[in-house]
Amino acid sequence: MHQALESLLDLLDLERIEEDIFRGRSRSAVVPRVFGGQVAAQALVAAGRTVPADRMAHSLHAYFLRMGDPGAPIVYTVDRIRDGASFTTRRVVAIQHGQPIFHLSASFQTYEEGMEHQADMPPAPDPESLPTAAEMLPRYADAFHEPGVVDRLIEARAAVDLRYVDAPPWGTVGIPREPRSQVWFRTNGKLADDPLLHVCLATYVSDMTLLDSVLLAHGRGGWAVGDVVGASLDHAMWFHRPFRADEWLLYDQESPSASGGRGLGQARIYTQDGRLAITVIQEGVVRVPR
C-alpha cells in the first residue's frame, strides 16, 4: 500500500471521545484550508460508526459553512435522528474553534431487492492508457504562477491514482470548452472489505474535480492558476450499487449552469464494468478575481 494511502486511512480513523462525538485531524492541501472532501469523508465516518453494520450508506447531503483550519482538530458531533425498520438517519456537525464549519445529513438502509434500471455508461478510454498525475502535471507547470504548485498537487493526490481523460482546466486556459470532464480514479493500494470505508473514500475523491466542468465552459484554469476564486457550498451523493474504491471508477462530470457567482456540477460514477455506482451534485462559489 502506498504510504500516502496509509496516511489518508489514518486520517479517516477518527478518535471517539464520547459515545457520539469524534475528533479528526487534517492534512495539508493545495490551498491553506481544510480540503472539503476530507471533512465530508470524516463526517460520514462519524455517522457510519453509530449505525448497525448491516445498513449501508445510500445518500448524503452536506453544506460547507466555514473555511476549515488545517492546523486545528475537528470535532464531529452525531445526532441519531431516526432508527427505522429499514432506514437509519444521522446528522453530523463538524466544529472548529467553537463554530460549525460543516453540516451533513446521511441516510443508511438495510439491503433489499427492488426494481433495476440505470443510465448507460458513456464511452471512455482504458484508464491504464492514460498518464498518472505524476506524469501529467509537470507538463503544465508553466500554467501555475506560484512555484511549487505542481509538487503540492502531486502530494495532495498521492493516495489516489486519478487520471484525466482530456486536458484538465489548467491545460487549456483561455479556451472555452464543452462543460464536461471525465477522470478515472482508484486508491493507490488495496483496501479492507469494509463497505463504509469504500463509500467514504469515494466521498473524499468526489470533491477533487467536480467543478472542473464549470471552469472548462469559461476557459478558466482554476484555483491553483489563480484566475478564479471559490469554494464548495453544498454537496450531495446517492450510492446506488456496491463498488470498491480500490478498483477503477469513471467520474463523468458536467456543468448545466453557472450564475450569480455560483457554478453547478453534476456527475455519475461508474464501475469499470459499466454499473452506475454513485450520482453526485455539487454547487460552489466560482468568482473571477477583480
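Computed from heavy atoms alone, side chains included, the values below leave out hydrogens, waters and symmetry copies.
- Under a 4.0 Å N-O distance rule, the pair Glu19/Arg80 qualifies as a salt bridge.
- Applying the 6.0 Å contact sphere to CG of Asp120 captures no more than 12 heavy atoms from other residues, nucleotides or ligands.
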Item to check | From CA spacing to verdict: side-chain contact (heavy atoms from CB on, under 4.5 Å), Arg163, Thr132 | outcome: CA-CA 6 Å; Arg163 307 189 185 195; Thr132 66; 3.5 Å; yes
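- Panel note: side chain Ser255, backbone Leu264; a donor-acceptor pair is recorded below 3.5 Å.
- Proximity of a side-chain donor or acceptor of Arg220 to a complementary backbone N or O of Asp227 within less than 3.5 Å is detected.
- For Arg241 and Glu116, the salt-bridge test passes: some basic side-chain N is under 4.0 Å from an acidic carboxylate O.
- Comment: Asp13 engages Arg49 in a salt bridge, judged by a side-chain N to carboxylate O separation of less than 4.0 angstrom.
- By the 6.0 Å contact criterion, CZ on Arg180 is enclosed, its count of non-hydrogen atoms from other residues, nucleotides or ligands being greater than 12.
- Salt-bridge check for Asp246 with Lys190: passed, with a basic side-chain N closer than 4.0 Å to an acidic carboxylate O.
- Under the 3.5 Å distance criterion, with hydrogens and angles disregarded, a donor-acceptor pair is assigned to the side chains of Ser26 and Gln38.
- Looking at every heavy atom in both residues, Gly68 comes nearest to Pro70 through O-CD, 3.4 Å.
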Item to check | Trace of the side-chain contact (heavy atoms from CB on, under 4.5 Å) decision for Leu191 with Leu5 | outcome: CA-CA 9 Å; Leu191 300 172; Leu5 179 57; 4.1 Å; yes
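- Of all heavy-atom pairs spanning Ile74 and Ala94, the tightest one is CG2-CB, 3.8 Å.
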Checklist entry - Does the side-chain contact (heavy atoms from CB on, under 4.5 Å) test come out yes or no for Arg177 and Asp166, once each step is laid out? => result CA-CA 11 Å; Arg177 291 159 50 189; Asp166 297 306; 3.8 Å; yes
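- With contacts defined as side-chain heavy-atom distances shorter than 4.5 Å, the pair Thr279/His240 qualifies.
- Under the 4.5 Å side-chain heavy-atom criterion for Ile, Leu, Val, Met, Phe, Trp and Tyr, Tyr63 and Val285 are members of distinct hydrophobic clusters.
- With contacts defined as side-chain heavy-atom distances shorter than 4.5 Å, the pair Tyr111/Glu113 qualifies.
- Side-chain atoms of Gln253 do not come within 3.5 Å of backbone N or O of Ala267 as any donor-acceptor pair.
- Both Leu153 and Leu162 belong to a single network of hydrophobic side chains, linked directly or stepwise wherever heavy atoms of I, L, V, M, F, W or Y lie under 4.5 Å apart.
- The distance from atom CG of Leu216 to atom CD1 of Ile175, rounded to the nearest 0.5 Å, is 11.0 Å.
- For the residue pair Ala167 and Thr172, the shortest heavy atom distance occurs at CB-CG2, 4.1 Å.
- At a threshold of 4.0 Å, the pair Arg186-Glu128 counts as salt-bridged, since one of the basic side-chain nitrogens sits closer than that to a carboxylate oxygen.
- Criterion: ILVMFWY side-chain heavy atoms under 4.5 Å apart, direct or through other members. Under it, Leu104 and Ile95 are not part of a common hydrophobic cluster.
- In this structure, a donor-acceptor pair under 3.5 Å is present between the side chains of Ser107 and His58.
- Contact check for Pro73 versus Glu15: no side-chain heavy atoms found under the 4.5 Å cut-off.
- Inter-residue side-chain proximity for Phe239 and Met56 is flagged as unmet; no heavy-atom pair is nearer than 4.5 Å.
- Cluster membership check: Leu11 does not share its hydrophobic cluster with Val75, using side-chain heavy-atom separations under 4.5 Å among Ile, Leu, Val, Met, Phe, Trp and Tyr.
- In this structure, NE2 in His61 is found 11.0 Å from NE2 in His235, a value given to the nearest 0.5 Å.
- Following chains of ILVMFWY side-chain contacts shorter than 4.5 Å, one cannot reach Trp184 starting from Tyr204, and the two form parts of different hydrophobic clusters.
- The aromatic rings of Trp170 and Phe144 lie tilted to each other, with the angle between the two planes from 30° to 60°.
- Here the closest non-hydrogen pair linking Gly274 and Gln118 is O-NE2, 2.9 Å.
- Phe185 pairs with exactly one of Asp161, Thr209, Leu249 by the side-chain contact (heavy atoms from CB on, under 4.5 Å) rule, that one being Leu249.
- When side chains are defined from C-beta on, Arg152 counts as touching Val149, because their heavy atoms get closer than 4.5 Å.
- Using a cut-off of 4.0 Å between Lys/Arg side-chain N and Asp/Glu carboxylate O, Asp10 and Arg25 are scored as salt-bridged.
- Among the candidates Phe243, Trp238, Tyr251, Tyr270, the single residue satisfying the side-chain contact (heavy atoms from CB on, under 4.5 Å) test with Ile278 is Phe243.
- Between the Ser7 side chain and the Gln3 main chain, no donor and acceptor come within less than 3.5 Å of each other.
- In this structure the side chain of Tyr76 reaches within 4.5 angstrom of the side chain of Val39, judged on heavy atoms.
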Next on the checklist: Checking His103 against Leu65 for the side-chain contact (heavy atoms from CB on, under 4.5 Å) test, could you report, in this order, the C-alpha distance in whole Å, the side-chain angles of both residues, the deciding distance, and whether it holds?
Outcome noted: CA-CA 7 Å; His103 173 276; Leu65 305 175; 4.3 Å; yes
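- Using modelled atom types, one side-chain atom of Gln96 and one backbone atom of Ala72 make a donor-acceptor pair closer than 3.5 Å.
- Looking at heavy atoms from C-beta onward, Thr89 lies out of side-chain contact with Ser105 at the 4.5 angstrom threshold.
- Contact detail for Ala158 and Ala4: the closest heavy-atom pair is CB-CB, 3.5 Å.
- The minimum heavy-atom distance linking Leu201 with Ala245 is given by the pair CB-CB, 4.1 Å.
- Counted by atom type alone, His97 and Asp69 present one or more donor-acceptor pairs between their side chains at under 3.5 Å.
- Taking the side chain as every heavy atom from C-beta outward, Phe22 and Val45 never approach each other to under 4.5 Å.
- Atom CG of Asp273 has more than 12 heavy atoms from other residues, nucleotides or ligands within 6.0 Å.
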